[in-house]
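To keep things clear, I will list the structure first and then write my remarks on it.
Keep in mind that what you see is a predicted model, and the values were worked out from it rather than measured. By convention in this document, chain letters (A, B, ...) are assigned in the order of the sequence lines, proteins followed by strands, and residues within each chain are numbered from 1.
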Number of protein chains: 2
Amino acid sequence: MSRRGQPNVATPGRRQVILDAALACFEDTGVAATTIEQIRDRAGCSIGSLYHHFGGKEGVASALFIDGISDLNAGLLQRLDDCSNAEQGVRTCVLHYADWVTRQPELARFLVHAREINFAPEARAELKAIYQRHFGAVFTWFGRFVLRGDMKQLPPETYIPIISGPIEDYARQWLSGRTRTPLAEVAEVFADAAWNAVRAR
Amino acid sequence: MSRRGQPNVATPGRRQVILDAALACFEDTGVAATTIEQIRDRAGCSIGSLYHHFGGKEGVASALFIDGISDLNAGLLQRLDDCSNAEQGVRTCVLHYADWVTRQPELARFLVHAREINFAPEARAELKAIYQRHFGAVFTWFGRFVLRGDMKQLPPETYIPIISGPIEDYARQWLSGRTRTPLAEVAEVFADAAWNAVRAR
DNA sequence: ATTTAGATTAGAATTTGATTCTATAATATG
DNA sequence: CATATTATAGAATCAAATTCTAATCTAAAT
């Protein structure tokens, strides 16, 4: 017997199961080194199913990446809503990143190390749109404080690196184990540094 | 005729030829997507030769990475020698990085996007040693200015992210084409920001 | 000058992993 | 309940990585 396929019972969450399995594999083995077979095995699905949903490893990675970035971004915008001045806003950018990375280190590790993935054109386009929307909103939020003279006037493309660069760099180190001090313990230092770097004086 | 191998005339520079070919391929196709065959073809060597020298794509990448980092680090230490106060030192860290990336964008692009590579244990150990030596030297250089009270006293592991994080983040954007303004045009802004973030006040 | 050991090169053979393809079953829709 | 669509399975195929053996070169020793 065992002629051909014996598809499973309906598994509506199959997509998410595969994503979770993939993240776990990436965490264990590294993105580059995990094989489709490992993901398939961990997810308990067939090759066919995996390709049906995602079209390959790159597709799985894209989906994971987009989900992660979207969550990170949405959280920041939410917290900015509660801020009422430039300093609070700047500090929130830094602290939110630290919190988010601390809360989901596996996903954060993936996001950080996935920068190099060759996303397909569609995924790239979607990401570009996400970034544009997000940074558009962030700049709108901060714009008034620059105009009002609370923050230095700088070339626009330099604000994000100045404010977020340091905490992201430190997070990368922490996530890869090169540093032990938890993010929470140094986040305030980075928040201070960011504010000192952009405040009008 | 053409029974077996017909090794070439001695090619002492073979190692470097392969490294150059690899960098060119990585630049064209991306690290993940270039195949051994492409590198072999561009280098004009055999598979055997490539594996003999590097043991595979990962080995080629490691060697390239270590060479690049070493050059970057050495350049900084050299330039720090000419600095005589904390502000000069901090600014030099930023400006040197900007210069270096501008001068060899291909290598820089590789370094930045190679973070995710699964280096072999030996390569990892070598890199760790390189970093320890380098950052040891850098901390020695800056230490006196912290003691003297010219710079803020901060958790030691935060200085590098604060000073170098922003320019590295911007460089990553520039290298991947998401930003047009050349590094040289914004480097001073990042140098100012770095100094403002760490100066005693 | 010969011999020998180690380093370097070559490319066929093998292995491993990615991707495609066809068949089967589940689910939804009229 | 017929039909279309979606989801699943896994064998077959394809492509790339890696191994392996043989040939050639280089340099040191005699």
Next on the checklist: Whole angstroms only, please: what is the OH-C1' distance between A/Tyr51 and C/dA18?
Outcome noted: 5 Å

Checklist entry - Quick one: B/Lys57 NZ to D/dT19 P, roughly how many Å, whole number? => result 15 Å

Next on the checklist: Quick check with a 6.0 Å cut-off and a 45 degree axis cone: is A/Arg144 positioned over the face of A/Trp141's six-membered ring?
Outcome noted: yes

Checklist entry - D/dT18, D/dA9, C/dA10: which one has an atom nearest the side-chain heavy atoms of B/Ile36? => result D/dT18

Checklist entry - Once you round it to whole Å, what is the distance between P of C/dA12 and CG of B/Leu50? => result 16 Å

Checklist entry - Could you give the CZ-to-P distance, from B/Arg40 to C/dG11, as a whole number of Å? => result 8 Å

Next on the checklist: For C/dA10 and B/Ser46 - does any side-chain N or O of the residue sit under 4.0 Å from the phosphate oxygens OP1/OP2?
Outcome noted: yes

Checklist entry - Taking for each residue the nucleotide of DNA chain C bearing the nearest heavy atom, is the 5' side occupied by A/Gly48 or by A/Thr35? => result A/Thr35

Next on the checklist: Can you measure B/Phe54 atom CZ to C/dA7 atom P for me and round it to whole angstrom units?
Outcome noted: 16 Å

Next on the checklist: Is the distance from the ring center of B/Phe190 to that of B/Tyr170 below 6.0 Å?
Outcome noted: yes

Next on the checklist: In whole Å, I'd like the distance from the NE2 atom of A/His52 to the C1' atom of C/dT20.
Outcome noted: 15 Å

Checklist entry - Parallel, tilted or perpendicular for B/Phe110 and B/Phe26, by the 30°/60° rule? => result parallel

Checklist entry - Going by distance alone, is a donor N or O of one side chain under 3.5 Å from an acceptor N or O of the other, for B/Gln104 and B/Asp71? => result yes

Next on the checklist: For D/dT8 and A/Arg15 - does any side-chain N or O of the residue sit under 4.0 Å from the phosphate oxygens OP1/OP2?
Outcome noted: no

Next on the checklist: Can you measure A/His53 atom NE2 to D/dA9 atom P for me and round it to whole angstrom units?
Outcome noted: 9 Å

Checklist entry - Please give, in whole Å, the distance from C/dA18 P to A/Ile47 CD1? => result 10 Å

